[in-house]
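A short write-up of the structure that comes next.
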Amino acid sequence: MAAVALLPVSNLSAATDELSQGAYLANAAGCEDCHTDREHGGQPYAGGRALATPFGTFYSPNITPDPETGIGGWSDKDFLQALREGVRPDGANYFPVFPYPTFTKITDADAQAIKAYLFSLPAVRQANRAHDVPFPFSWRPLQTIWKLLFFTPGPFRPAPERSEAYNRGAYLVTALAHCGECHTPRNWFGATEPDHFLAGNPHGPDGKAVPNITPDPQTGIGSWTEEDITTLLKTGQTPEFDFVGGAMGEVVRNTSRLDDADRSAIAVYLKSLPPIRSKKQNG
Amino acid sequence: MFFVTKARVSMSAAALVMAAVASIAVAQDKETVIKDRQATMKEQGKGLGAVKAYLDGKGDLAQAKTGATTLTQTTKKIPQLFPAGTGGPSPDGDYVAKPEIWTDWNKFLDAQKAAATKADALLVAVSGGDKTAIEAAFNDLGKNGCGACHTTFREKISK
């Protein structure tokens with residue numbers, strides 16, 4: 001009898017837990033940054049932010065729960081398929097400007113929590129803006145070939161011989177926070193180069209260069225301590241008492257809200273990476 | 001007739017020379033302005049460094065107070081370090097002062113005032129000597145003062 005009476009309460013708290021967990025994870029993944037047109041005062045998660053790439057300008061879609069212009073009509077399966085396989089509910093492929101090649105590593109439980117959080121937000125009615133991408137890049141079937149060549153689906157696999165902090169950091173960096181999407185250089189087809197993972201990207205978002213964050217002493221952050229990294233993630237301050245700006249300033253808004261344990265896990269993971277020399281800029 | 005032509009020629013030559021001199025002067029002036037503001041930013045970095053050294057037990061409180069005092073002064077003179085026409089990449093090509101500074105001048109001033117207020121709060125905290133309060137004020141100034149402004153108005157050019 002007592003157990004029956006308690007059941008709805010525990011379900012409620014489980015739902016609340018999932019929501020707060022989802023909010024934490026959505027922040028770690030920075031969903032709001034790309035899916036909000038802050039520059040023009042856009043509503044959170046309603047999309048429309050311009051993302052300039054060498055292939056054209058993409059406009060992020062509305063991911064509020066509005067059933068017609070957002071993702072309100074999506075099932076859990078639709079949401080998981082988008083993250084894990086880069087496929088829309090109608091079967092079309094996403095362009096890899098949506099970082100599904102990285103999000104494929106997000107665990108199902110985390111993805112479900114993010115969806116629950118997004119669905120708890122106010123629905124905003126705002127139609128998606130068409131991408132401004134020229135042919136042939138605009139031709140979605142081409143993405144099928146791209147995926148065959150460059151996309152490896154599958155969840156994050158922890159390394160059992162490594163520490164818990166390392167594995168948590170690896171999950172945050174390589175899956176949720178998708179650091180490699182900006183910090184890794186891309187080949188001619190716009191795919192990240194695995195052998196230069198996090199080794200800096202001379203042609204990052206909006207054509208801006210993004211620094212090497214491997215421990216390479218010359219071109220990376222080899223001289224940084226773990227504390228230097230956690231400080232940067234917390235307040236944006238570099239060891240030289242400069243403060244990062246631009247796109248990384250936006251990222252710091254999110255990383256400043258992480259737990260101390262997660263920030264230090266990221267530092268542990270980054271410090272354990274093999275140092276990789278940046279590719280030559282004008283090569 | 002000949003005389004007039006010659007006079008015209010020499011007048012336009014003089015105008016050309018003057019225009020050239022003026023543009024060099026403006027260019028040099030812009031470079032001086034940029035160097036000056038970079039020096040001020042570095043001075044602010046040193047000020048923060050002095051406060052952090054005290055927090056880490058590596059520096060004394062008097063130096064932290066000097067550092068915080070510097071920050072209260074320098075954050076207030078930021079607007080005059082950004083005269084119109086001094087945007088674009090710095091001479092050493094490391095940073096870009098974004099055009100939004102001047103197209104969104106009032107927003108820029110809001111960001112600067114926020115930083116100045118937070119610098120004042122840091123000095124108050126340092127004068128109080130309580131490390132927990134100092135650390136909170138230090139992080140607030142860094143993240144929501146310096147960092148917030150750099151996020152909107154500055155770009156680093158990575159090499």
Side-chain angles (χ1 to χ4, degrees), chain A residues 33 38-41 182-185 198-213 216 218-221 225 227-228 230-258 260 263 277-282, chain B residues 38 40-53 55-56 58-59 67-68 70-71 74-75 89-90 93-101 103-104 107-108 111 114-115 118 122 135-159:
Chain A
D33 292 329
R38 286 203 185 100
E39 198 185 331
H40 302 104
C182 289
H183 286 278
T184 304
L198 302 178
N201 179 4
H203 309 290
D206 291 330
K208 306 288 173 350
V210 183
N212 181 339
I213 53 169
D216 183 60
Q218 267 90 44
T219 61
I221 56 170
T225 63
E227 201 199 337
D228 289 337
T230 55
T231 299
L232 184 128
L233 296 173
K234 189 172 183 180
T235 68
Q237 179 215 301
T238 71
E240 295 84 40
F241 292 95
D242 187 5
F243 286 82
V244 294
M248 193 61 199
E250 288 185 54
V251 174
V252 167
R253 262 201 295 251
N254 304 331
T255 55
S256 72
R257 299 187 196 121
L258 294 177
D260 283 338
R263 275 191 293 266
R277 186 67 43 93
S278 295
K279 292 173 82 174
K280 279 187 92 174
Q281 292 275 308
N282 303 316
Chain B
Q38 288 189 317
T40 308
M41 294 293 167
K42 290 220 164 72
E43 209 184 326
Q44 300 192 126
K46 275 189 194 146
L48 286 168
V51 177
K52 183 76 165 93
L55 285 174
D56 290 347
K58 293 173 189 160
T70 303
L71 286 159
T74 50
T75 48
S90 55
D94 274 348
Y95 295 99
V96 173
K98 290 170 76 175
E100 283 83 349
I101 294 173
T103 55
D104 239 343
K107 200 175 153 198
F108 179 68
K118 290 171 198 308
L122 177 64
E135 192 176 356
F138 177 87
N139 287 343
D140 186 36
L141 168 61
K143 176 171 168 273
N144 305 317
C146 315
C149 198
H150 287 181
T151 298
T152 317
F153 297 110
R154 187 191 74 168
E155 235 154 62
K156 184 167 185 172
I157 306 169
S158 299
K159 287 182 180 171

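None of the values given here were measured: they were computed from a predicted structure. Numbers restart at 1 for each chain; the letters A, B, ... are given by sequence-line order, proteins then strands.
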Response to the item:
Per-residue tally against chain A (heavy atom, under 4.5 Å) across Cys146(B), Gly142(B), Gly147(B) peaks at Gly142(B)
Worksheet entry | Side chain / backbone / both / neither for Phe138(B) at chain A, heavy atoms under 4.5 Å | side chain
Worksheet item: Can you tell me how far the OG1 atom of Thr152(B) sits from the CD atom of Glu39(A), to the nearest 0.5 Å?
Response: 10.5 Å
Worksheet, complete the sentence: Counting heavy-atom pairs under 4.5 Å with chain B, the top scorer among Ser256(A), Ala247(A), Gly245(A) is Gly245(A)
Response to the item:
In short, Val244(A) meets Thr151(B) closest at the heavy-atom pair O-OG1, 4.1 Å
Practice prompt. Mind checking the NZ-CD spacing from Lys143(B) to Gln237(A)? Nearest 0.5 Å is all I need.
Written response: 13.5 Å
Worksheet item: Knowing that exactly one of His150(B), Met41(B), Lys42(B) qualifies, which makes a side-chain contact (heavy atoms from CB on, under 4.5 Å) with Asp242(A)?
Response: His150(B)
